[in-house]
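Have a look at the structure below, then the notes.
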Amino acid sequence: MSILIYAESSEGKFKKVALELASYAKKVADSLGTTVTAVTVNNSNVSDLSKYGVSKVLKVTNDKLNNFNAKAYADIIKQAAEKEGTKVVALSSTTDSLYLAPLLAVALNAGYASNVVALPVSTAPFQVKRTAFSNKAFNITEINTDVKVIGLAKNSFGLAEDAVSLTEEDFSPSLNDADFSVKTENVEKVTGKVTIADAEIVVSAGRGLKGPENWGMIEDLASVLGAATACSKPVSDIGWRPHSEHVGQTGKPVAANLYIAVGISGAIQHIAGINASKVKVVINTDAEAPFFKVADYGIVGDAFEVVPKLVEKLKEF
Ligand code: FAD
């Protein structure tokens with residue numbers, strides 16, 4: 001009755017969220033007196049998982065699964081859960097998992113709580129803390145079903161090494177041809193830059209930058225910090241920056257360790273998408289800008305003076 005996690009990988013490497021999920025599941029497993037089993041798809045290099053407390057891996061290898069397929073992946077995890085007799089299945093609250101988790105929960109007749117941000121408040125009854133209202137509040141959700149599915153919010157737990165010995169097992173669940181009637185293909189723009197989804201640090205800028213010609217200093221700041229660049233919605237709407245950089249409620253969600261907002265007012269729709277970030281810094285000429293209310297650090301000043309100075313100073317380190 002181990003805890004089962006679905007460990008997401010990309011190009012043969014586990015995503016950081018998968019290792020964070022393993023760290024989290026190990027702590028939950030310890031409190032329940034059990035172990036952690038992971039199911040992986042088309043990733044045979046699984047030793048990294050054991051560093052974070054996974055003691056068994058069910059390896060699924062099938063070319064049909066090269067592209068993410070929510071129905072097929074949900075079916076695989078269901079079969080793995082049934083094989084292991086697991087009562088708790090944990091996923092990362094990523095875009096992929098947000099598709100597959102509800103399908104999985106239905107298939108397992110399980111209750112599902114997404115965006116979990118802490119270890120269970122209680123395991124009997126099973127209660128978890130999760131974010132609500134676009135990360136503005138928390139609630140405690142009780143899952144009463146026999147099998148429980150939970151989704152761990154990115155960056156909510158961190159990595160915790162806890163090495164254990166590992167058993168690897170090839171797992172060949174049956175696949176339903178009907179799940180492959182629609183072919184999906186992942187197309188990712190190769191930019192050579194850090195993507196917003198993977199970034200630990202995001203440097204974001206808004207209309208305060210006045211025009212696309214002024215983004216050089218934002219790129220410099222991102223480069224010196226090893227960060228991804230992002231922008232507010234109007235900036236991508238006007239075409240100053242690509243739509244792929246638009247963050248917020250209607251754009252990409254950001255749960256970075258550090259989010260730096262330059263010349264962004266802090267409208268509720270922007271904050272809703274970046275609120276899960278750990279440390280928020282704002283640079284704005286207007287001390288009354290709403291962003292200052294949610295920021296951990298704020299500089300009231302002109303971006304055109306502050307940002308180049310910041311870049312200069314950071315280059316000294
Ligand atoms: P502004 O509001 O114009 O703010 C510019 C800021 O720059 C000001 O605070 C100003 O003081 C500051 N500034 C000016 N000059 C300087 C300078 N030299 N140095 C430093 N600071 C300076 N917005 C999003 O971002 N993401 C979303 O997902 C999103 N979804 C939306 C969904 C809906 C349904 C709606 C209605 C709106 C949505 N919006 C979204 C838009 C949102 O309401 C705001 O209009 C938008 O976030 C404002 O962008 P901004 O902060 O770049 O621009």
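Keep in mind the model is a prediction, meaning the values are calculated, not measured. When a ligand or atom number is given, it counts from 1 through the structure's own listing order.
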> Got the closest protein heavy atom to atom 30 (N) of ligand 1, with its distance?
Replying inline: Thr250 OG1, 2.7 Å
> How far is atom 10 (C) of ligand 1 from its nearest protein heavy atom, and which residue and atom is that?
Replying inline: Asn284 OD1, 3.5 Å
> Which residue owns the protein heavy atom closest to atom 48 (C) of ligand 1, what's the atom, and how far is it?
Replying inline: Pro234 CG, 3.7 Å
>> Under a 4.0 angstrom heavy-atom cut-off, which atoms of ligand 1 come close to Phe304?
In response: 18 (N)
>> Quick check on Ala272 - does any of its heavy atoms sit under 4.0 Å from an atom of ligand 1?
In response: no
> Got the closest protein heavy atom to atom 50 (P) of ligand 1, with its distance?
Replying inline: Ser232 OG, 3.6 Å
> Quick one: does Gly273 get a heavy atom under 4.0 Å from ligand 1?
Replying inline: no
>> Check whether Ser97 reaches the backbone of Thr94 with its side chain - one donor and one acceptor, N or O, closer than 3.5 Å.
In response: no
> Just which atoms of ligand 1 are under 4.0 Å from any heavy atom in Gly301?
Replying inline: 19 (N), 20 (C)
> Quick one: nearest non-hydrogen protein atom to atom 7 (O) of ligand 1, plus distance?
Replying inline: Gly263 O, 3.1 Å
> Counting only heavy atoms on the protein side, is anything nearer than 4.0 Å to atom 34 (C) of ligand 1?
Replying inline: no
>> When you compare ligand 1 with Ala303, is there at least one nitrogen or oxygen pair between them that comes in under 3.5 angstrom?
In response: yes
> Hey, does Ala289 come in under 3.5 Å of ligand 1, counting only N/O atoms on both sides?
Replying inline: no
> What is the closest protein heavy atom to atom 25 (O) of ligand 1, and at what distance does it sit?
Replying inline: His270 ND1, 2.7 Å
>> Quick check on contacts: which atoms of ligand 1 are under 4.0 angstrom from a heavy atom of Ala267?
In response: 42 (C), 43 (O), 44 (C), 47 (O)
> In terms of hydrophobic clustering (I, L, V, M, F, W, Y; side-chain heavy atoms under 4.5 Å; direct or indirect links), are Ile218 and Ile274 co-clustered?
Replying inline: no
> Where the closest heavy atom to atom 17 (C) of ligand 1 is concerned, which of Thr285, Val262, Ile274 has it?
Replying inline: Thr285
> Does Glu288 CD have over 12 foreign heavy atoms under 6.0 Å away?
Replying inline: no
>> For the 3.5 Å polar cut-off, considering only N or O atoms, please tell me whether Val247 and ligand 1 meet it.
In response: yes
>> Quick check on side-chain contact (heavy atoms from CB on, under 4.5 Å): which of Lys129, Arg130, Gln127 does Thr141 satisfy it with?
In response: Arg130
> Does a salt bridge link Lys15 with Glu8, judged by any charged N lying under 4.0 Å from a carboxylate O?
Replying inline: yes
>> Between Asn69 and Asp179, do the side chains contain a donor N or O and an acceptor N or O under 3.5 Å apart?
In response: no
>> Under 4.0 Å from a heavy atom of Gly251: which atoms of ligand 1 are those, numbered in the order shown and with their elements?
In response: 28 (O)
> Any Lys/Arg nitrogen of Glu312 or Lys309 sitting under 4.0 Å from an Asp/Glu carboxylate oxygen of the other?
Replying inline: no
> Any sub-3.5 Å donor-acceptor pair from Tyr24's side-chain atoms to Ala118's backbone N or O?
Replying inline: yes
> Which residue from Arg207, Lys233, Glu288 reaches closest to atom 39 (N) of ligand 1 through any of its heavy atoms?
Replying inline: Lys233
>> Can you see whether Glu245 engages Thr229 through a side-chain donor-acceptor pair at a distance of less than 3.5 angstrom?
In response: yes
> Judged by atom type as modelled, is there a donor-acceptor pair below 3.5 Å linking the side chain of Ser122 to the main-chain atoms of Pro125?
Replying inline: yes
> Parallel, tilted or perpendicular for Tyr99 and Phe68, by the 30°/60° rule?
Replying inline: tilted
>> Ring-plane angle category for Phe291 and Tyr259, please: parallel below 30°, perpendicular beyond 60°, tilted otherwise.
In response: parallel
>> Considering Ala261, Pro290, Ser265 one by one, which has a heavy atom nearer to atom 2 (O) of ligand 1 than any of the others?
In response: Ser265
>> Under a 3.5 Å distance rule, please check whether Thr145 uses its side chain to pair with a backbone N or O of Ala110 as donor and acceptor.
In response: no
> Can Glu168 and Lys56 be counted as an ion pair, charged N to O under 4.0 angstrom?
Replying inline: no
>> Using a 4.0 Å cutoff against the non-hydrogen atoms of Gln249, which atoms of ligand 1 qualify?
In response: 27 (C), 28 (O)
>> Under a 4.0 angstrom heavy-atom cut-off, which atoms of ligand 1 come close to Gly206?
In response: 52 (O)
>> Tell me the nearest of Ile299, Ile271, Asp302, Ile238 to atom 18 (N) of ligand 1, using heavy-atom distances.
In response: Asp302
>> Out of Gln269, His246, Lys210, who is nearest to atom 38 (C) of ligand 1 when you count heavy atoms only?
In response: Gln269
